[in-house]
Each structure stands twice: as C-alpha cells, then as structure tokens.
Amino acid sequence: MSRLVTILNGPNLNLLGKRQPEIYGRDTLADIENACRTLGKQLKLDISFQQSNREYELIDWIHEAREKAAAIVINPAAFTHTSVALLDALNTFEGWVIEVHISQVHKREAFRHHSYVSHRADAVMAGFGVHGYELALRHAAHLIGLKKK
Ligand code: DQA
C-alpha cells in the first residue's frame, strides 16, 4: 500500500519568508520542505513536495497523485477561494485530502472565509503557522494507518 503523501503549494507561496512576514512568518518554503522531509522519514512516509503559481500545474499534479499517492496535503493559497477546477480535480482523487493554511483565514477578510477545497477536504488546518504542515503530515500518517480509503 502506498505511503506517498503529495504536498502541494499554490501561488505566491514561493515567496514565503519575504511575503507579508507579519502574516506568514519568516520561514521559507524550503524550510517547510525540509521539516516535512525530516518528519516524513520519522513517520515512514514518502514525500513529494511541489509549488506552482499556475492552476493547471497543480491540477496536473493532483491527477498524477491519483495513480500513486495515499494522501494529498494542499495549501491552495489564493486558489482556495476561487478554484472550482482544483475542487473538481481533488474530487477525482480517492485518497485522503488535508487542506492547510498558514494563517487563520477566518480571522481575515471575508473573501478568505469560503474555500472550494474544503468541500472535498477530509481535514482543514488554519492558523497553525508553518507548523500546520507537520501537523497535517502527522494526521495523514494516522489516516493512512486506518486504511479505510
Ligand atoms: C493562505 C491563505 C490564503 O487566503 C492566501 O491567499 C494565501 C495563503 C495561507 O496559507 O494562510 O496565499 O492559503
């Protein structure tokens, strides 16, 4: 059985560390990737970690995950609030889906309160800072262990 977790990051997350640090903190995406890979080893998960500013690329990676991943951890960034296409792609994926937001989106502007991706996500993390990725990975390991999907 697959223990691959595909971690996907949406637009502007390549600028983490420089982008609005008062909201998103000083850690870079590379820091998050390192933390996920280290934890992935401990949890005996295979990790794939990708970021794109292009909606179609994220959709293509979700399609690839259909063939091989047990879970997707996704921070769709601004596409969270706009993309029916990402939701449709995630609806074709049969494994676990965990949605992650670094910031507590419900405390922010009203347009960030709705998530298309949440219509599909099995779990949603928001406001845990970059630590949310590690929490999501731990939960993914737990869900994969349940072997229900
Ligand atoms: C975000 C929240 C989104 O509203 C925003 O567009 C992002 C990042 C977060 O991680 O807090 O780019 O997904």
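Values below: every heavy atom of this structure, side chains too, minus hydrogens, waters and symmetry copies. Remember, it's 1-based here, ligands and their atoms both numbered in the order they're listed. Counting from 1, the numbers follow the sequence of the chain as shown. None of the values given here were measured: they were computed from a predicted structure.
- Less than 4.0 angstrom separates some heavy atom of Val105 from each of these atoms of ligand 1: 2 (C), 4 (O).
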Could you walk me through whether Arg138 and Glu134 satisfy the salt bridge (charged side-chain N to carboxylate O under 4.0 Å, His left out) test, starting with their C-alpha distance in whole Å, then the side-chain angles of each, then the deciding distance to 0.1 Å, before giving a yes or no? CA-CA 6 Å; Arg138 285 188 188 280; Glu134 289 170 83; 5.9 Å; no
Salt bridge (charged side-chain N to carboxylate O under 4.0 Å, His left out) evaluation trace for Asp122 with Arg120: CA-CA 7 Å; Asp122 298 297; Arg120 167 64 182 85; 3.3 Å; yes
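- Between the side chains of Ser83 and Glu55, a donor-acceptor pair is found at a separation under 3.5 Å.
- Below 4.0 Å from some heavy atom of His81 lie the following atoms of ligand 1, by number and element: 3 (C), 4 (O).
- Among all non-hydrogen protein atoms, the one lying nearest atom 11 (O) of ligand 1 is Ser103 OG, 2.6 Å.
- The shortest contact between atom 1 (C) of ligand 1 and any protein heavy atom is with His101 ND1, 3.7 Å.
- Under the 30°/60° scheme for interplanar angles, the aromatic rings of His81 and Phe111 are found to stand perpendicular.
- A side-chain donor-acceptor contact under 3.5 Å links Asn9 and Tyr133.
- The shortest contact between atom 9 (C) of ligand 1 and any protein heavy atom is with Ile102 N, 3.3 Å.
- Atom numbering of ligand 1 starts at 1 in the shown order; those under 4.0 Å from a heavy atom of Arg19 are 7 (C), 12 (O).
- At a cut-off of 3.5 Å, with distance as the only test, no side-chain donor of Gln104 or His106 sits close to an acceptor on the other residue.
- Contacts with ligand 1 closer than 4.0 Å are made by no heavy atom of Asn12, backbone or side chain.
- Of all the atoms in ligand 1, the ones that sit under 4.0 Å from a non-hydrogen atom of Ala78 are 6 (O), 12 (O).
- In terms of protein heavy atoms, atom 6 (O) of ligand 1 is closest to Arg112 NH1, 3.1 Å.
- At most 12 heavy atoms of other shown residues, nucleotides or ligands fall within 6.0 angstrom of atom CZ in Arg26.
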